[in-house]
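Any value given below was found using the heavy atoms of this structure, including those in side chains, with hydrogens, waters and symmetry copies removed.
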Amino acid sequence: ISLEIENWNPDDYNWVQTSTDENGTMSYILRVSKVNGVYTICDGNQIRNAKSDENGLLKFEVKARENPVGIKINLK
């Protein structure tokens, strides 16, 4: 996996992900600024919401892709 961080602020996280295994899944755990906050996750063309837990951890998975894909997370 290769990650290129573009932005890393308390309510706005953006990076580009590239993988050599396009059949896998990438699991992420981020410490975010808002406990029990709802975040919008944009993974290429997919948009979904996820809630951070009581410890401020946001957990999600995205499909691995050989071509670079932008991952964007914003506090909703």
Side-chain angles (χ1 to χ4, degrees):
I1 183 171
S2 171
L3 298 177
E4 180 182 337
I5 306 296
E6 295 182 336
N7 192 26
W8 204 264
N9 293 310
D11 298 330
D12 184 33
Y13 309 90
N14 301 323
W15 66 89
V16 175
Q17 164 190 297
T18 308
S19 174
T20 56
D21 179 11
E22 64 183 33
N23 296 318
T25 301
M26 308 305 300
S27 298
Y28 289 102
I29 300 173
L30 300 177
R31 182 169 303 278
V32 292
S33 62
K34 182 128 174 113
V35 171
N36 295 318
V38 177
Y39 287 82
T40 300
I41 301 169
C42 179
D43 163 22
N45 294 327
Q46 293 186 5
I47 298 173
R48 61 185 180 272
N49 293 320
K51 186 176 179 181
S52 61
D53 66 16
E54 65 278 357
N55 297 311
L57 298 177
L58 182 66
K59 301 173 185 177
F60 63 97
E61 293 183 339
V62 297
K63 184 180 180 327
R65 295 181 181 99
E66 190 173 332
N67 294 327
V69 63
I71 309 289
K72 299 178 187 225
I73 301 172
N74 299 299
L75 182 60
K76 189 170 179 176

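Residue pairs meeting the salt bridge (charged side-chain N to carboxylate O under 4.0 Å, His left out) criterion with at least one member in residues 4-21, sequence neighbours excluded, do not occur. Here ring pair (Phe, Tyr, Trp, His ring centres under 6.0 Å) pairs that include residues 19-52, with residues two or more places apart or in two chains, are Trp15-Tyr28, Tyr28-Phe60. Residue pairs meeting the side-chain hydrogen bond (donor to acceptor under 3.5 Å, both in side chains) criterion with at least one member in residues 62-76, sequence neighbours excluded: Asp43-Arg65.
Val32 is not connected to Ile47 by any chain of hydrophobic side-chain contacts under 4.5 Å among Ile, Leu, Val, Met, Phe, Trp and Tyr, and they are in different clusters. No path of Ile, Leu, Val, Met, Phe, Trp and Tyr side chains, each step under 4.5 Å between heavy atoms, connects Val62 with Val16, placing them in separate hydrophobic clusters. Cluster annotation: Leu58 is not connected to Val38 through the hydrophobic network of ILVMFWY side chains, with a link wherever side-chain heavy atoms come within less than 4.5 Å. In the hydrophobic clustering of this structure, Met26 groups with Trp8; members are Ile, Leu, Val, Met, Phe, Trp, Tyr whose side-chain heavy atoms approach within less than 4.5 Å, directly or through other members. Grouping the Ile, Leu, Val, Met, Phe, Trp and Tyr side chains by contacts below 4.5 angstrom, directly or via other members, places Ile1 with Ile5.
Once rounded to the nearest 0.5 Å, the distance linking CG of Asn14 with CG of Asn9 reads 8.5 Å. Taking OH from Tyr13 and CG from Leu75, the interatomic distance works out to 8.5 Å, rounded to the nearest 0.5 Å. Separating the CD1 atom in Ile71 from the SG atom in Cys42 is a distance of 8.0 Å, to the nearest 0.5 Å. Atoms CG and NZ, on Asn36 and Lys51 in that order, are 4.5 Å from each other to the nearest 0.5 Å.
No donor-acceptor distance shorter than 3.5 angstrom exists from the side chain of Ser2 to the backbone of Thr18, with no hydrogens or angles considered. At least one donor-acceptor pair under 3.5 Å links the side chain of Asp53 to the backbone N or O of Asn55.
Closest approach of Ser33 to Pro10, counting heavy atoms only: OG-O, 2.8 Å. Here the closest heavy-atom approach between residue Gly56 and residue Ser52 is recorded as C-CB, 4.3 Å.
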